[in-house]
Protein chains: 2
Amino acid sequence: MKDGPDIAIIAALIGDPARANMLTALMSGKALTVSELAAEAGVTIQTASAHLSKMHEGSLLRPLKQGRHKYFSLANEQVAHVLEGLMGLAAGAGHLRMRTGPRDERLRKARVCYNHLAGEMGTRLFDSLLAQGHLAGTDDALSLTGKGKRFVAEFGIDIERLGKSRAPLCRACLDWSARRPHLGGGLGRAFLARFEELGWAKRDPDSRAIAFSPRGERAFGEVFGDAFGAERS
Amino acid sequence: MKDGPDIAIIAALIGDPARANMLTALMSGKALTVSELAAEAGVTIQTASAHLSKMHEGSLLRPLKQGRHKYFSLANEQVAHVLEGLMGLAAGAGHLRMRTGPRDERLRKARVCYNHLAGEMGTRLFDSLLAQGHLAGTDDALSLTGKGKRFVAEFGIDIERLGKSRAPLCRACLDWSARRPHLGGGLGRAFLARFEELGWAKRDPDSRAIAFSPRGERAFGEVFGDAFGAERS
DNA sequence: TGGATGCTTCGATTAGCATCGAAGCATGAA
DNA sequence: TTCATGCTTCGATGCTAATCGAAGCATCCA
């Protein structure tokens with residue numbers, strides 16, 4: 001007994017409704033100010049401040065001071081990963097909190113998961129990259145193949161710059177809605193950024209939803225989506 | 001705001017010290033009775049009973065009545081996965097609770113993670129299977145290659161019987177000590193069982209530690225451990 | 001049938017912590 | 001300097017939930 005790391009401290013930190021709301025909001029990948037997070041959680045600024053200090057103490061968040069504003073973002077991808085895992089458990093236990101409706105639909109189709117693409121479109125991207133032999137390996141050990149590197153470069157992503165960061169380039173991230181993995185890590189981030197750059201997709205500023213334009217979705221399908229269908233037939 | 005599943009309920013469930021202790025104990029993969037879990041958590045049986053009902057309600061545990069005993073085990077592998085993730089965060093934040101010493105060492109070297117092998121030996125097994133081309137794919141999509149199937153069968157594991165279960169056969173599971181993936185799922189379980197069968201390893205009944213015999217470790221090294229070393233040189 | 005064991009339910013107590021008002025501190029603008 | 005904005009600290013309040021004693025229920029054994 002009393003083996004291993006103390007889960008309780010961290011889990012209790014996430015387990016408060018106000019803090020959980022803040023963390024969920026931060027899953028968008030954006031850095032938010034104290035007041036924004038307070039509004040998001042539905043508490044006053046004082047309480048938000050107290051919560052945020054605690055989460056920083058617990059290494060869940062990373063603060064960034066800029067003038068008189070103080071921004072917070074998730075400390076790292078590992079945190080985001082655990083949060084998605086918890087969402088999966090919550091969804092499985094029936095603790096869905098969404099108003100079912102168009103909003104729910106949109107989130108399931110495409111949403112932001114700590115700066116990369118998640119939801120149905122996310123898994124399509126991931127499956128396609130695997131099926132076409134652009135990605136290989138497993139989980140943490142996931143990596144771009146030679147063919148994959150050429151493909152990515154051709155798609156307009158600067159791999160060289162990605163490689164410099166210490167964060168893992170590729171990372172499989174489990175989806176709470178699709179229950180399948182999708183692409184995280186620096187590469188996942190880069191893909192989403194590129195989609196926005198190309199005008200294929202646009203983030204909803206008020207939620208985690210990502211809206212693909214009709215043209216964007218068609219283009220996406222040509223490059224990624226139909227790989228599976230074509231191979232299956 | 002208020003998007004997605006409600007993390008807070010689940011996280012709060014895990015976030016109580018008594019409950020966290022019980023969950024940690026259940027990471028051994030064994031099913032434990034109410035009284036055993038009470039002892040593990042350091043609370044009376046009444047409180048334990050209350051906690052266990054709540055965790056069952058939250059779909060974290062699966063109860064099993066047998067006579068006048070009531071056994072609990074983790075509800076599924078997804079739960080175990082999230083718990084390991086939380087341990088990773090806790091370890092990263094410095095919330096280690098172990099008495100450093102031989103016990104800590106043993107756990108880092110080899111331990112049980114929901115019925116499969118984790119720790120240093122676990123990652124060695126995993127790396128070896130990948131390096132030798134027995135496993136391919138990624139994360140959830142992980143699967144045995146043809147070569148891998150032959151190898152596993154030769155090693156004395158009955159794949160046919162494994163295939164029948166609905167649970168995923170292979171699953172990458174992130175390690176809190178090694179910070180690397182190791183093999184979970186039905187296959188991971190089968191490997192550990194086979195190691196015990198061969199007399200290579202033995203579980204400590206009182207903790208999550210796994211003790212390899214000198215002979216067992218040597219044999220393990222011959223089959224798995226040195227694959228990397230040999231390829232690197 | 002009577003007693004022992006294992007678990008659950010009930011009720012009362014207590015402690016921890018989220019919450020917010022008020023005041024204080026830092027930064028930026030006029 | 002003076003005012004406004006954004007955040008933090010302090011102190012008081014109130015609520016939630018963990019805890020355990022006591023009693024009740026189910027199962028097994030003799």
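Below, read A as the first sequence line, B as the second, and so on, with proteins coming before strands; counting in each chain starts at 1.
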Query - Working for side-chain contact (heavy atoms from CB on, under 4.5 Å), residues A:Thr123 and A:Leu183 - result: CA-CA 7 Å; A:Thr123 61; A:Leu183 182 65; over 6 Å; no

Figure out the [atom1]/[atom2] separation between [X] and [N], and round it to whole Å.
X       : N      : atom1 : atom2 : value
A:Leu52 : D:dC7  : CG    : C1'   : 11 Å
B:His56 : C:dT8  : NE2   : P     : 11 Å
B:Tyr71 : C:dT8  : OH    : P     : 14 Å
A:His51 : C:dG16 : NE2   : C1'   : 14 Å
B:Glu36 : C:dT5  : CD    : P     : 16 Å
A:Gln46 : C:dC17 : CD    : P     : 20 Å
A:Asn21 : C:dA18 : CG    : C1'   : 14 Å
B:Met55 : D:dA17 : CE    : P     : 16 Å

**Report entry** Nearest-neighbour nucleotide for the A:Arg68 side chain, C:dT8, D:dC7, C:dA29 considered
**Finding:**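 Taking heavy atoms from C-beta onward, the closest nucleotide is C:dA29.
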
Query - Nearest-nucleotide pick for A:Ile45, side chain only, options being C:dT8, D:dT8, C:dA18 - result: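 Selected nucleotide: D:dT8.
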
**Report entry** 5' priority, DNA chain C, between A:Gln66 and B:Ala50 [closest heavy atom]
**Finding:**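 First, find each residue's nearest nucleotide; the 5'-ward one identifies B:Ala50.
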
**Report entry** 5' precedence on DNA chain C between A:Lys65 and B:Thr33 (nearest-nucleotide basis)
**Finding:**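 Looking at the nearest nucleotide for each, B:Thr33 comes out on the 5' side.
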
Look at [X] and [N] and indicate whether a side-chain polar atom (N or O) is within less than 4.0 Å of OP1 or OP2.
X       : N      : value
A:Lys54 : C:dA18 : yes
A:Lys70 : C:dT27 : no
A:His69 : C:dG28 : no
B:Thr47 : D:dT19 : no
A:Thr44 : C:dC20 : yes
B:Arg19 : D:dA18 : yes

Query raised in the report: Is the shortest side-chain N to carboxylate O distance from B:Asp204 to B:Arg106 below 4.0 Å?
Result: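 Answer for the salt bridge query: yes.
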
Query - B:Arg208 and B:Glu84 ion-paired at < 4.0 Å - result: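 Result for this pair is yes, salt bridge flagged.
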
Query raised in the report: Do the rings of A:His116 and A:His182 sit parallel, tilted or perpendicular, given the 30° and 60° boundaries?
Result: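 Taking A:His182 first and then A:His116, their aromatic rings sit tilted (interplane angle of 30° to 60°).
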
Query - Interatomic spacing from CZ in B:Arg194 to CH2 in B:Trp200 - rounded to 0.5 Å - result: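 Going from CZ on B:Arg194 over to CH2 on B:Trp200, the span is 8.5 Å.
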
Report task. Remember a base hit wins even if backbone is also touched, and classify A:Ala18 as base, sugar-phosphate or nothing at under 4.0 Å, heavy atoms. Result ->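 Sugar-phosphate: the residue A:Ala18, judged by heavy atoms under 4.0 Å, touches backbone atoms but no base.
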
